[in-house]
> 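First, the structure itself, so that you have it in front of you.
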Amino acid sequence: MSVAANPDVPRPAWAEKIDLAPNSPRRPLTLVLNKFIVTLYRTVGFVVLTLILLGLVSFLFTKVFFLFNRSWIAPTLVSPTDERVVRLNAEIVQQSALRDKLLGERAVLEVSLRDAERREATGMTLQESLTRAARAEANARSSERQRLQRLSSELDEVRSQVAEATRQFADVSRESLDEQYQSGLTTRDKYAAGNLQLGQLAQTNLTLAEKDSELTARGEQMKRDADALVSATRTLDPARAPLNVDSLRLRQDFMRGALDVAKAQDERKACTDVQTSLDRSVARYDELLKVLSESPLLKALSGKITIAFVPYQNLTNVHTGSTVFACRLGMFVCRKVGQINQVLSGEVSVHSPIESKNERGLMLELSLEDGGHAAQDQVLFLNHAPLLL
Amino acid sequence: MEFPLYLLVLMVWANRWFVGLYLKVVRRRRFHAADKDFEPTVAIVTPMFNEGRGIFDSINSMLALDYPAHKLSIIIVDDRSTDDSYAWARRAADQNPQRVTVERNAVNMGKRKSISNAVRSTDAEIIVSVDSDVVVDRNAIRALVRRFISPRIAAVGGRVFVSNPNDSWLTRMQVIKYFLGYEYLKSIERAFHSVMCLSGCLTAYRRTVLLELEPILKNRNLLGVPIKYGEDRFLTRQIVKAGYETYCTMDAFCWTTAPSTYGKYFSQQLRWRRSNLVDIIGGVTHAARLHPVVALHYLCSGALLVAYPLAVIQKLIDGTFWELAGFHLLVLAVLGAIYALHARRLPHDMRVHPLWFLAMAVVMPMTYIVCTTLAMFTLDSSSWETRGHTGAAEPAVVAPATAAPTELVPAAEVGM
């Protein structure tokens, strides 16, 4: 408006085009506004299209460059919330929980093992005590039997002597009594009483024989008992089992104790086997946890190392000690920033910074000289500047 | 961003392929309504530039159209051809002086002004715009005019086929694109007599309506910058905006030359994108006047015009473009099968193998991202003027209308 109003100010070229009457002092405001918007639109359009063109050219150049370049690596800055770190930590937690669960099972097993061991030891002690007691009892019976045998032998002698003496006395008495009766020196009643007394003397012999028999039977009983006691603690063969009720009871207790001991032994062995197996599993978990804890990502997270991803196709250019370059503007103006310390084992799959897909490869441990700033670059290059710039 | 885009795609697809088909069935009477006794005077207006002997043949083919000779006139406007086109046109006119008129502009002024002048020079009730390189079917005029079943119908368009189907894979692809475009994509608009784009290849207008809208058409501009492309779309929209009805009949057809080289195809697509963008910018303010279904379809299509290339760019950046192309292949295979089903009715020389349509899986996304982006920032371009007119004499900013009408008839365009 002011342009048209002031004749001293030269009119711009566009003013000539839009003016209905070029010499008119005033032009409609809408025309000026329209002109301004159109000029702005054209300027913005030019800038935007230029940027798009530049973007397209750089996009295509980058695509072609990385199609042939085999020396790039992708430094990896790891955050605690990084999906891979979270996954690894979750894995560690999960594996630790499983390991702790195994240790818990092992502790329970330890209790069972100790119980089995105690039962076994107690059982065995009891068995030994029982055996000793049985043997002592058997020995006592044997001694008693021997004493009875001696007594029986003495009784035999005494009985023989008594029998002889009685027989001789009876013979003499009966002859005397018969003679007295026949001579009438005695009455019939006295004669009968004398015969009765002689019968009673014979009864004495019988009593002694009976005593002897009792002693013999008792000695045999002692022998059976002693044998039963010894065999009760020695054999498990039912065919050779002693035929003695008390010893059978003893044997029953002994067998029960032996079974308890055997059971305790089996339990101890089973517990020991399971414990060994659990120990192996825990060792494996320990190994796995160690591997997980020492994974490059977690190490990088703790700030111990700087890591970078190298896809398999670029692995041929990777060597320990290879120089690492960082570049500005993608692949221009490069400088040396460090070197490769080692190639970390274990495949990783990461989102490629070049293409929108996951790529498989390995991790590298880097040592960067610039305080780790280069780790923030999207890609680094190995061995030399990619375009020798 | 993905959900609104999918929603848009879903709505546009549902509208085009399912709602359109449904309306075609339930409103079939409206689709087939015709006044066979309506036989108004008709003027075929054809601007030409350097057509050579071709214009002589074209005029003769127009003279052979099935329509009463005393009611059919032909107006050829030579826009200062530099070859012998004018002589050929004169020769045809001399053989039929009562029916053929040849006018010649004083200077090369472009198609718009040529047609505008021709409209003013005739008193025919119906003006039929026919491009000079278009071959019109013998029954086309009769088929067009009998669709003017009420005074509210101001324009009736015909169907366009490709005249050079086997020039290249691009033309083969376009054969199917044109076919499906006319067969299905305009069904909703046809059902409500609100077709938003009638091709300049073959469209009949009521002369009174053209004269009524002349000031609007003459002063067509965007922020003061004259817009010279997409005239047919603009004209059709203005007709609808003025409260008239428009229709597209499948009974009247013509054949046009489809671009057969990348450069021509790109140039055409760029013009169409500009045209679409300017149309949606101008049309959004009065979309509410349309039938709700048409308005929804119109606005969704316009939004998709911008959203689709953005989605393609996003896919390119994500590196998942080939997944998108794969999905396109699947959809296009289905559409190709639909075409194959329909194309059995067509003569052999008008058919192409349906597999050629699969090329759209790459061509469509690429042309959209390139052309839409470029068009978005070159809406003020005046580079397109048919028949070699450069438009250099046009003012940069249009002043209020005081002069004679200069533009009326849109250029050939098929809105896909």
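Chain identifiers are assigned alphabetically (A, B, ...) following the order of the sequence lines, protein sequences preceding nucleic acid strands; residue numbering begins at 1 within each chain. On a predicted model such as this, the values are computed, not experimentally measured, just so you know.
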> With a sphere of 6.0 Å drawn around CZ of A/R360, does it hold more than 12 non-hydrogen atoms of other residues, nucleotides or ligands?
no
> In this structure, are over 12 heavy atoms from other groups packed under 6.0 Å from A/Y312 atom OH?
yes
> Does atom CD of A/E347 have more than 12 heavy-atom neighbours, drawn from other residues, nucleotides or ligands, at distances under 6.0 Å?
yes
> Which atom names give the shortest non-hydrogen contact between A/L49 and B/T373, and what distance separates them?
CD2-O, 4.0 Å
> Just verifying a value: how many Å separate A/R42 CZ and B/T378 OG1, rounded to the nearest 0.5 Å?
11.0 Å
> Does a side-chain heavy-atom distance below 4.5 Å link B/V225 with A/Y41?
no
> Does CH2 in B/W322 sit with more than 12 non-hydrogen atoms of other residues, nucleotides or ligands closer than 6.0 Å?
no
> Less than 4.5 Å to any heavy atom of chain B: does that hold for the side chain of A/I52, its backbone, both, or neither?
side chain
> Measure the CZ-OG1 distance between B/F377 and A/T50 for me, rounded to the nearest 0.5 Å.
11.0 Å
